[in-house]
Number of protein chains: 2
Amino acid sequence: MTSSGTTSHPAGGRPEPSAAWELLVSAADAPVRGRGRALQEALRDAVRAGRLTAGTRLPSSRELAVDLGVSRGLVTEAYEQLTAEGYLRSDRGSGTWVGETARAATGRAVRGLAPRAAGAAGGTGAAGAPDGIRVPGPVGAPAVQVDFRPGTPDLALFPRAAWAAAQRSVLASLPHRALGYPDPRGLPELRSALAGMLARRRGVVADPERLVVCSGVAQASTLLGFVARARGMRTVGIEDPGSPEHGRLFASTGLDTRWLPVDEEGLLPGPLAASGVRVVVTTPSHQFPTGIAYSAGRRAALLDWARAVDGYVLEDDYDGDFRYDRAPVGALQGLDPERVVYTGSVSKSLAPGLRLGWMLVPRELVAEVVERKRTMDLGNPALDQALLTEFVTRGAYDRHLRRCRRAYQERRDALVAALTEALPGTTVSGIAAGLHIIARVEPRYGPTERFVERAASAGVAVRPLEEFGTSRPADGAVRLVLGYAHLKPSAIARGVRLLADACGRGGEG
Amino acid sequence: MTSSGTTSHPAGGRPEPSAAWELLVSAADAPVRGRGRALQEALRDAVRAGRLTAGTRLPSSRELAVDLGVSRGLVTEAYEQLTAEGYLRSDRGSGTWVGETARAATGRAVRGLAPRAAGAAGGTGAAGAPDGIRVPGPVGAPAVQVDFRPGTPDLALFPRAAWAAAQRSVLASLPHRALGYPDPRGLPELRSALAGMLARRRGVVADPERLVVCSGVAQASTLLGFVARARGMRTVGIEDPGSPEHGRLFASTGLDTRWLPVDEEGLLPGPLAASGVRVVVTTPSHQFPTGIAYSAGRRAALLDWARAVDGYVLEDDYDGDFRYDRAPVGALQGLDPERVVYTGSVSKSLAPGLRLGWMLVPRELVAEVVERKRTMDLGNPALDQALLTEFVTRGAYDRHLRRCRRAYQERRDALVAALTEALPGTTVSGIAAGLHIIARVEPRYGPTERFVERAASAGVAVRPLEEFGTSRPADGAVRLVLGYAHLKPSAIARGVRLLADACGRGGEG
């Protein structure tokens with residue numbers, strides 16, 4: 001651009017606030033090396049903030065340089081830069097003006113940010129909800145002393161030293177090309193390692209060719225939802241009680257969800273068959289939240305149904321590694337890998353923040369699932385995948401699971417013992433497994449709403465079973481879904497004591 | 001379960017191949033500790049593989065224990081386990097049978113795996129295509145000696161030592177709770193660090209409240225596509241020439257794409273206005289692939305259009321950090337943050353395998369974009385985000401960019417010099433920026449198809465401009481999109497020599 005040079009400022013057709021140039025003084029005060037940048041930023045900010053309005057004529061580069069005590073080249077450069085960017089416009093021979101292009105950012109608070117999205121940051125906890133379980137927020141609410149809400153493992157058990165060792169090893173040995181765009185199906189080495197681990201631990205048919213690395217069970221649900229929708233399905237069945245979060249995940253893929261009743265053996269075949277759905281989400285190894293394991297008969301009925309309707313079962317194996325009374329029951333997928341989409345993750349075994357999981361996909365769906373994964377994110381981060389490969393193949397994953405299993409079994413025992421002692425008549429249902437229990441508290445401590453309120457005012461966060469489905473207790477009992485894995489035995493004891501105190505008082509008052 | 005105990009085997013109503021029991025012998029040979037597991041796996045495999053068919057009666061636990069020389073408890077446990085899993089069924093008093101539930105995995109090759117998805121693993125390279133640029137595959141095709149296809153930075157420059165230092169620091173200092181479910185918008189510390197970095201380096205309005213961490217430009221496109229679709233839009237405009245990959249990304253969100261012509265100043269306003277679209281994807285700082293920078297006039301016209309149609313501009317700032325002749329032109333988003341969705345990533349600056357990027361979103365779209373991000377993957381991995389935060393706030397990111405800038409500028413100069421010397425008459429267009437150039441090679445070396453074939457047979461991979469849009473050269477010249485950033489100067493010189501030899505011969509022959 002050229003500047004007219006001789007016109008004194010402020011000049012041009014309209015009056016100009018003298019304050020407008022003061023903003024530039026800070027640029028002159030900047031260290032010599034940063035002055036050009038400071039000048040440009042000051043000008044840009046002034047235009048954006050509306051302090052320099054469209055049509056305002058700027059002083060010539062010579063004048064401004066003199067005023068600010070900087071070199072003319074600096075001013076010329078700033079004018080050229082901002083002209084190229086569209087903040088200023090320059091008319092050869094008549095000077096430099098503030099352009100019409102820039103529009104101030106709206107200063108209002110983020111509009112329409114739903115409580116859900118906002119809550120994710122604020123720690124209300126409902127937002128992250130994944131893997132068939134709602135996520136407890138950070139213990140941020142001032143009153144919460146003991147948080148029994150289910151959903152996370154003990155993050156303090158995360159194996160930092162072993163993880164750091166794997167990190168060092170990976171960064172030292174990874175070939176450069178492995179830092180390029182990943183295979184959307186996942187790192188081949190990780191797929192092999194996971195296939196071996198899952199076949200061994202969970203009895204699945206884990207051909208690496210059908211294994212897709214993903215970011216967790218939530219993404220697996222969304223991936224399958226999109227594929228099902230593209231195949232003409234409209235509704236997904238979910239267990240009742242189960243995880244309400246599925247409704248939001250599948251809605252994002254254009255699918256409705258329908259609650260289907262679960263009894264103490266698993267999904268009821270009659271309502272499933274009558275529903276007309278062709279995809280159903282299940283937790284057969286440890287039903288969430290009731291804690292039952294599907295009976296052999298219901299496992300068979302589920303697969304018969306899938307074959308009869310040409311449908312699919314999504315098997316969410318969210319906590320299948322943790323069983324305390326016997327060897328874990330093998331995954332349903334092992335019985336019919338062409339009808340079951342198996343999914344799991346490290347969210348309960350290592351940490352949800354790693355965002356690493358896996359799917360075993362019927363062969364006829366592999367290509368569609370992979371293409372969806374590709375358009376969603378091109379594949380999981382390569383270094384993270386190499387790290388988990390190292391961790392699994394070194395045996396560190398198995399060691400960590402054994403350590404957690406011991407800790408969680410102890411905590412479960414502590415919770416069951418404390419509950420039955422402190423709240424007489426309380427019964428615990430479901431198998432000895434996972435990271436949570438279902439406790440039935442006698443009706444005299446109820447009703448449920450009052451129980452939850454009393455607990456909260458005593459500093460104990462609990463979630464009633466009613467929040468996970470449509471059924472309401474007919475017997476007046478209070479049924480709670482209590483997570484224990486993230487709590488040390490002393491915290492569990494304290495939490496139950498607080499509960500009993502609050503409810504005992506309530507029961508009397 | 002109970003076993004009938006006295007019936008000799010094979011028994012029951014149907015004949016039974018005697019070979020069926022041999023498979024169990026391997027279990028007896030297993031080390032004592034692993035025998036139970038080995039027996040269960042052998043039985044499971046036999047059922048799955050069809051070697052034990054539905055209805056086959058198993059020997060009693062006592063008999064099998066004697067036959068195999070293992071304890072009876074081991075066999076009982078195996079029968080119980082597999083009955084619980086549905087592989088066997090047990091009728092009290094009459095014995096144990098192979099159930100009807102298990103269905104063999106189909107053994108055929110992955111059916112319907114499209115070439116695209118297969119190619120992603122096989123290294124054809126087209127599958128990963130992101131960030132407005134197609135991805136070169138690993139140099140796996142036997143003949144390729146020098147690969148000029150654009151898309152990746154020099155992965156050998158990845159700052160492993162600095163990255164490792166950041167990893168150590170993060171793992172040592174991260175609070176446990178940071179390993180929980182992430183904020184779907186991204187780690188607050190990272191959003192602040194990126195906002196500051198982008199404001200400083202790219203002149204954007206980078207309020208952390210509108211910054212969303214994502215896995216890269218491809219995910220940003222998909223996120224915006226879903227949001228646009230939900231708002232009733234049906235078609236997205238893309239630059240012609242531009243990236244064909246956008247077609248597949250937006251198709252996954254239910255949107256069509258329409259090519260819109262670009263000239264040497266940017267998108268032509270007339271065809272844009274006439275198209276009826278309300279979202280357009282652009283690369284104003286360094287148009288991909290032509291290499292031009294949008295003129296100030298076209299920047300203004302683009303924003304005027306967006307305001308007039310109540311639409312949005314997706315600004316893909318895929319390589320905005322690399323400009324060699326002057327300071328980078330500030331991002332378009334700085335001019336109107338409510339009309340421009342800005343996106344970038346570390347794919348060109350650090351490594352695509354990290355899968356880390358960012359979006360700056362108009363305020364009225366923030367909640368919708370975040371909810372989409374949440375249902376897609378719940379948010380980016382927490383440790384990766386903490387790592388990038390550390391890397392940016394330590395100044396390591398700026399240092400790394402300076403180092404890359406020097407290397408890439410040298411490589412660009414080497415390529416331009418070699419081309420103009422070895423293939424006389426060759427001209428290079430576009431600004432001195434980014435990771436690729438457009439070279440126009442004289443018609444006498446053409447036509448394009450023959451040029452590309454000759455190059456390939458000489459071991460040089462090149463992509464013609466025609467692959468990136470609808471236009472075909474009228475002048476008979478060969479126009480190439482040549483990536484140089486990932487090639488050392490010596491490789492560049494060799495590649496051009498091979499090209500010139502091949503084409504010189506071709507020109508004569």
Side-chain angles (χ1 to χ4, degrees), chain A residues 84-86 101-103 105-106 110-114 117 120-121 128 130 135 138 152 155-156 158 160 164 167 171 176-177 179-184 205 209 215 218-219 222 249 252 296 299-300 303 329-330 335-338 351-353 355 363-364 366-367 370-371 375-378 381-382, chain B residues 83-86 101-103 105-106 110-114 117 120-121 128 130 135 138 152 155-156 158 160 164 167 171 176-177 179-184 205 209 215 218-219 222 249 252 296 299-300 329-330 335-338 351-353 355 363-364 366-367 370-371 375-378 381-382:
Chain A
E85 294 178 6
T101 307
R103 186 70 54 98
T106 56
V110 176
R111 193 173 74 183
L113 186 60
V135 190
T152 42
L155 300 172
F158 183 78
R160 295 195 185 215
Q167 279 183 337
L171 259 190
H176 293 318
R177 65 181 150 67
L179 294 164
Y181 287 100
D183 182 334
V205 174
E209 290 304 305
S215 82
Q219 186 175 62
T222 310
L249 290 176
S252 79
R299 290 161 68 98
L303 296 178
V329 173
L335 292 167
D336 195 343
E338 306 309 336
R355 306 310 311 130
R363 282 179 183 270
E364 69 173 9
V366 168
V370 170
E371 175 60 11
T375 56
M376 267 191 200
D377 57 20
L378 303 187
Chain B
T83 302
E85 295 179 7
T101 308
R103 186 68 54 98
T106 56
V110 177
R111 193 174 74 184
L113 185 61
V135 190
T152 43
L155 300 172
F158 183 77
R160 295 196 185 214
Q167 278 183 337
L171 259 190
H176 294 317
R177 65 180 149 68
L179 293 165
Y181 287 99
D183 183 334
V205 174
E209 289 304 305
S215 82
Q219 187 174 63
T222 311
L249 291 176
S252 79
R299 290 162 68 98
V329 172
L335 292 168
D336 195 343
E338 306 309 337
R355 307 308 312 130
R363 282 179 182 270
E364 69 172 9
V366 167
V370 170
E371 177 59 11
T375 56
M376 268 192 199
D377 57 21
L378 302 187

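Chain naming here is simple, since letters A, B, ... match the order of the sequence lines and numbering starts at 1 in each. Atom set for the values below is all heavy atoms of this structure, side chains included, hydrogens, waters and symmetry mates excluded.
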**Student:** Hey, could you give me the CE/OG distance between Met376(A) and Ser215(B), rounded to the nearest 0.5 Å?
**Tutor:** 11.0 Å
**Student:** Can you name the side-chain contact (heavy atoms from CB on, under 4.5 Å) partners of Ala351(A), sequence neighbours left out?
**Tutor:** Leu155(A), Phe158(A), Leu354(A), Leu179(B)
**Student:** Applying side chain to side chain donor-acceptor pair (under 3.5 Å), can you list everything that pairs with Glu85(A), at least two apart in sequence or on another chain?
**Tutor:** Arg44(A), Gln81(A)
**Student:** I'd like to verify something: which residue of Gly180(B), Gly86(B), Ala164(B) has the highest number of heavy-atom pairs under 4.5 Å with chain A?
**Tutor:** Gly180(B)
**Student:** Identify which part of Leu171(A) has an atom lying under 4.5 Å from any heavy atom of chain B, answering side chain, backbone, both or neither.
**Tutor:** both
**Student:** Please identify, among Gly330(A), Ala382(A), Ala300(A), the residue contributing the most non-hydrogen atom pairs under 4.5 Å to chain B.
**Tutor:** Gly330(A)
**Student:** Starting from the C-alpha separation in whole Å, work towards a yes-or-no answer on side-chain contact (heavy atoms from CB on, under 4.5 Å) for Arg355(A) and Leu378(B).
**Tutor:** CA-CA 8 Å; Arg355(A) 306 310 311 130; Leu378(B) 302 187; 3.3 Å; yes
**Student:** How far apart are the closest heavy atoms of Pro352(A) and Pro182(B), and which atoms are they?
**Tutor:** O-CD, 4.5 Å
